[in-house]
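Data block below; observations after.
Remember, predicted model here, so these are calculated numbers, not experimental data.
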Amino acid sequence: MKRSRWYAIRVAPGYQRMAAVDERLPESRRMESIIERNCRKDGFDIFMPSFYTELRHHRTKQILQKWFPFLVGYAFVNLARLNFEELRRVDRVVCFLRGAKYGPLEFPDGTIEALYFADHERQAFLYEQHCRKENERHEQIQHLRGQLRKILPNGRKAGVSMVDHAESAIDFLSPQIKERVQTIISGFNSLTADAEVENLRKAV
């Protein structure tokens, strides 16, 4: 069994961003970067320490899943066969990180393992953070739902969401109650992205 030999490569600017989704690839590769896809396509084992986060699109307000590199401009490639020239020919590989004395700088397995651990630890933290936020959001939604139930008249039909029921009944409410219901509905909408409003309306 060949031992691992890890070297750092310099990546061309802009090629650590996420590659376009390719449905033909396995699920584990759906969120890889362009440089990772280029290297794997040519048979190279690459590791780009990164972290996952969710961002809200400034215009559509949709939640976007993004990966960002820990080390901007660099990634690690396992060259057990020391085939440096083959790797240099991979699209958007600029050069190798060189040592102070001579040649490309080799990184011990322990260093790469530590980066793997930090990478996974970061993902676990972000996942737990996401779960906490979702639980808090769900609790807020349930609280608002309970408020609407206390205010609105009985008679909501099966299959009609609480929000739809509130909007259909709002014109028959007193001005003070009407204002309160409108505030609650706004609260529902603020707890969800635009693309998720219909799912929320169905859920409540």
Side-chain angles (χ1 to χ4, degrees), residues 1-137 193 195-196:
M1 183 176 178
K2 294 181 179 179
R3 74 179 184 90
S4 299
R5 305 192 71 156
W6 291 94
Y7 296 87
I9 58 169
R10 177 71 177 170
V11 182
Y15 285 82
Q16 286 180 296
R17 70 179 187 273
M18 288 174 61
V21 175
D22 187 342
E23 299 295 339
R24 297 169 298 178
L25 295 174
E27 186 67 28
S28 60
R29 291 187 55 188
R30 295 287 172 85
M31 296 183 71
E32 64 189 352
S33 67
I34 298 174
I35 191 63
E36 287 174 309
R37 182 169 297 178
N38 290 351
C39 286
R40 288 167 183 156
K41 179 173 62 71
D42 289 347
F44 290 99
D45 181 14
I46 182 172
F47 169 50
M48 189 183 79
S50 55
F51 65 93
Y52 160 86
T53 190
E54 291 183 338
L55 301 174
R56 191 184 299 277
H57 192 281
H58 70 282
R59 183 172 54 81
T60 65
K61 307 303 181 184
Q62 284 186 309
I63 299 297
L64 306 175
Q65 297 176 334
K66 293 287 187 178
W67 289 96
F68 293 96
F70 273 138
L71 304 173
V72 177
Y74 291 93
F76 298 91
V77 178
N78 179 19
L79 292 180
R81 296 190 292 112
L82 301 181
N83 46 339
F84 298 105
E85 290 305 319
E86 292 179 32
L87 181 60
R88 284 191 181 98
R89 291 195 288 270
V90 172
D91 188 30
R92 302 309 170 180
V93 172
V94 177
C95 62
F96 289 91
L97 182 64
R98 306 182 74 83
K101 294 183 179 180
Y102 59 89
L105 180 62
E106 183 176 342
F107 289 81
D109 285 345
T111 299
I112 303 302
E113 288 171 1
L115 288 170
Y116 265 115
F117 179 77
D119 187 51
H120 289 196
E121 190 176 55
R122 172 68 174 173
Q123 302 318 315
F125 169 78
L126 289 171
Y127 176 74
E128 291 173 1
Q129 184 182 60
H130 174 72
C131 289
R132 285 195 300 272
K133 288 180 178 179
E134 282 300 298
N135 288 336
E136 291 172 0
R137 187 171 75 106
E196 299 172 328

Inset, instruction - Take Glu86 and Arg89 through the test salt bridge (charged side-chain N to carboxylate O under 4.0 Å, His left out) and record every step on the way to the result. - result: CA-CA 5 Å; Glu86 292 179 32; Arg89 291 195 288 270; 5.2 Å; no

Inset, instruction - Any chance you could measure Ser50, atom OG, to Phe70, atom CZ, to the nearest 0.5 Å? - result: 7.0 Å

Inset, instruction - Compare all side-chain heavy atoms of Leu97 with those of Phe107 and state whether any distance is below 4.5 angstrom. - result: yes

Inset, instruction - Determine the interplanar angle of the Trp6 and Phe47 rings, folded into 0 to 90°, and report it as parallel if under 30°, tilted if 30 to 60°, perpendicular if over 60°. - result: perpendicular

Inset, instruction - Find the distance between CZ (Arg5) and CG (Asp45) and round it off to the nearest 0.5 Å. - result: 15.0 Å

Inset, instruction - Report yes or no: does Arg37 contribute a side-chain atom to a donor-acceptor pair with the main-chain N or O of Ala20 at less than 3.5 Å? - result: yes

Inset, instruction - Considering non-hydrogen atoms only, spot the tightest contact between Asp109 and Ser4 and give its length. - result: OD1-CB, 3.3 Å

Legend entry - Check: Ile9 and Val94 side chains under 4.5 Å, non-hydrogen atoms: no

Inset, instruction - Under the side chain to side chain donor-acceptor pair (under 3.5 Å) rule, collect the residues that match up with Arg29, sequence neighbours excluded. - result: Glu32

Inset, instruction - Determine the minimum heavy-atom distance between Ile46 and Ala75, stating which atoms define it. - result: CD1-CB, 4.0 Å

Inset, instruction - For residues Cys39 and Val93, report the shortest heavy-atom separation together with the two atoms involved. - result: SG-CG2, 4.4 Å

Inset, instruction - Report yes if some heavy atom in the side chain of Met48 is under 4.5 Å from a heavy atom in the side chain of Phe76; otherwise report no. - result: no

Inset, instruction - Ignoring hydrogens and angles, tell me if any N or O in the side chain of Gln16 forms a donor-acceptor pair with the backbone of Gly73 under 3.5 Å. - result: yes

Inset, instruction - Look at the side chain of Asn38 and the backbone N and O of Asp91, then say whether any donor-acceptor pair between them is shorter than 3.5 Å. - result: yes

Inset, instruction - List for me each residue that meets ring-ring contact (aromatic ring centres under 6.0 Å, His included) alongside Phe84, sequence neighbours excluded, and say none if there are none. - result: Tyr7, Phe96

Inset, instruction - Please round to the nearest 0.5 Å and tell me the distance separating atom CD of Glu106 and atom OG1 of Thr111. - result: 10.5 Å

Legend entry - cation_pi(Arg40, Phe44) dist<6.0 Å, angle<=45: no

Inset, instruction - Calculate, to the nearest 0.5 Å, the distance between atoms CD1 and OH belonging to Ile35 and Tyr15 respectively. - result: 9.5 Å

Legend entry - Nearest-0.5 Å distance, CG of residue Leu87 to CG of residue Asn78: 10.5 Å

